[in-house]
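Below, all heavy atoms of this structure are taken into account, side chains as well, without hydrogens, waters or symmetry copies. Note that this is a predicted model, so its numbers are computed, not measured.
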Amino acid sequence: MAVAFSRLLPAVASAYGLQSLLAALFVPLQSELFFDVGGSLGFLSTTYVSLYYPFFRAKFIDHIPGAVLPALSTFAPRQLLLSAALGVWSARLGSFLGVRAIKAGGDSRFDEIKHRPVRFAASWFMQATWISLVGLPVYLTNALLPASQHPPLSTRDYLALALFASSFLFEVVADRQKAAWRRAKVNGEHTEKFVNGGMWALSRHPNYVGEVGLWTGIWALSTTSLQTAAYPRGSVALAALSPFFTWFITRNLSGVPLLERANDKAFGDDPRWAHYKRSSSLSTKTAIQTPLAARHGAITMSLTPPLFSFSLLKAASRLSG
């Protein structure tokens, strides 16, 4: 059990190492243009390290005769699915936010912080902590070797994968709708003060709903491997820090509170904003009813952790039985 957990250390170390390097480069320049790109690179590199470090060590450090870097096809399907899911999400979000920051000439979140070296450097280290905590389900699953120790994919995994895919699509569509709304406003096609159509009619923060949902899906996809004898009891709960931390920071720290305060300040006197707040919500709820679920009872899930995470796991266990 200790062996599997010890394999986390190189991945976490790589997360802090890369963000330290980026902080050393950009803090003196007082530049935040590549902050989100740095986060994306952090997730990608840490995932790669979590998957391949034992083999790199065997070949290049310990010089074990016959040691090779294995082909991707030799890893367990769950490892590949989780690594691919994190990679697709990271590349998409990093490029989207990076391009947006470059086009805007900066990121308003750092207007004051970037002129304070200690606080700006702390932001990079907080990003390393974010990478380490949120990616836990992937890193823990990748640490389980060899591939034969992973149970085969089951109904729980397919439900989790469906949750990730639908939440990822929800986030992408929401981001694109807002981007299209902004372009239309710049082009003089409308004079609306805030976006309230499409996904944004369902929630004032649909991108965050998608974010929490996709990390819940990634966590749920990892749980079967984390319930094997290679891990102690509580490993599933430890990995659940991923969706909980995502929910907490978006709902209580850097996401929703900042946007809600800014919008209230900007549109507080506009009756249309008051109507929008009454008719929308901070998050949203959904009920999933499929032919398979109909035979086992309806599955109603909230996209707001912690209820969603545990209702998904319970429902998946019921469907698998």
Side-chain angles (χ1 to χ4, degrees), residues 14-48 85-132 134-135 167-190 192-195 198-200 204-211 214-215 246 249-250 253-259 261-263 266:
S14 71
Y16 281 93
L18 178 60
Q19 299 308 308
S20 298
L21 175 61
L22 294 174
L25 291 173
F26 293 111
V27 169
L29 296 175
Q30 298 183 350
S31 173
E32 79 286 11
L33 287 180
F34 298 99
F35 186 81
D36 291 307
V37 174
S40 178
L41 291 175
F43 273 107
L44 292 172
S45 60
T46 304
T47 300
Y48 186 82
L86 189 150
V88 169
W89 165 84
S90 182
R92 201 288 305 186
L93 188 64
S95 60
F96 174 80
L97 295 177
V99 169
R100 189 176 70 179
I102 292 172
K103 285 184 176 180
D107 188 329
S108 59
R109 294 175 300 172
F110 297 95
D111 285 347
E112 296 182 9
I113 295 176
K114 66 183 180 183
H115 299 296
R116 302 178 181 179
V118 174
R119 289 188 62 187
F120 193 24
S123 298
W124 291 93
F125 286 105
M126 279 300 297
Q127 180 153 263
T129 303
W130 173 57
I131 292 168
S132 301
V134 174
S167 298
F168 179 75
L169 181 63
F170 197 90
E171 180 181 57
V172 170
V173 171
D175 282 339
R176 290 195 174 186
Q177 285 178 339
K178 190 168 187 178
W181 177 89
R182 283 174 170 163
R183 285 196 302 271
K185 186 172 183 177
V186 170
N187 294 333
E189 298 175 23
H190 67 78
E192 297 173 358
K193 295 181 180 179
F194 50 86
V195 57
M199 298 293 192
W200 301 84
R204 294 198 296 282
H205 308 282
N207 49 340
Y208 292 145
V209 173
E211 187 79 0
L214 68 86
W215 282 111
T246 301
I249 60 175
T250 55
L253 295 178
S254 65
V256 171
L258 294 178
L259 291 172
R261 284 196 296 269
N263 289 336

If you round to the nearest 0.5 Å, how far is [atom2] of [Y] from [atom1] of [X]?
X	Y	atom1	atom2	value
Phe120	Gln30	CZ	CD	8.5 Å
Leu214	Phe170	CG	CZ	11.5 Å
Thr46	Leu41	OG1	CG	10.0 Å
Gln127	Phe43	CD	CZ	8.0 Å

Under the side chain to side chain donor-acceptor pair (under 3.5 Å) test, residues paired with [X] that sit two or more places apart:
X	value
Gln177	none
Glu189	none
Trp130	none
Thr129	Tyr16

Salt bridge (charged side-chain N to carboxylate O under 4.0 Å, His left out) against Lys114, all qualifying residues, sequence neighbours excluded =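 Partners of Lys114 by the salt bridge (charged side-chain N to carboxylate O under 4.0 Å, His left out) criterion, ordered by chain and then number, come out as Glu32.
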Please identify each residue that fulfils side chain to side chain contact (heavy atoms under 4.5 Å, CB included) with [X], with sequence neighbours left out.
X	value
Ser45	Leu18
Asp175	Arg92, Phe96, Glu171, Asn207
His190	Trp181, Ala184, Lys185, Glu192
Val88	Phe168

Locate the shortest heavy-atom distance separating Ile113 from Ser123; write the atom from each residue and the value.
->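 Shortest heavy-atom separation between Ile113 and Ser123 comes out as CG2-OG, 3.9 Å.
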Which heavy atom of Pro28 sits nearest a heavy atom of Ala23, and at what distance?
->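 Smallest interatomic distance, heavy atoms only, reads CD-O, 3.7 Å.
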Could you note down all residue pairs passing salt bridge (charged side-chain N to carboxylate O under 4.0 Å, His left out) where residues 118-131 supplies at least one of them, sequence neighbours left out?
->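 Those involving residues 118-131 do not exist here.
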Check whether any side-chain heavy atom of Trp215 sits under 4.5 Å from a side-chain heavy atom of Trp89, and report yes or no.
->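 Heavy-atom side-chain distance check passes, below 4.5 Å.
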What pairs with Phe125 under ring-ring contact (aromatic ring centres under 6.0 Å, His included), at least two apart in sequence or on another chain?
->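 Applying ring-ring contact (aromatic ring centres under 6.0 Å, His included) to Phe125 gives none.
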Not counting sequence neighbours, list each pair that qualifies as a side chain to side chain donor-acceptor pair (under 3.5 Å) and has a residue in residues 33-42.
->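 Found Asp36-Arg109, Ser40-Ser90.
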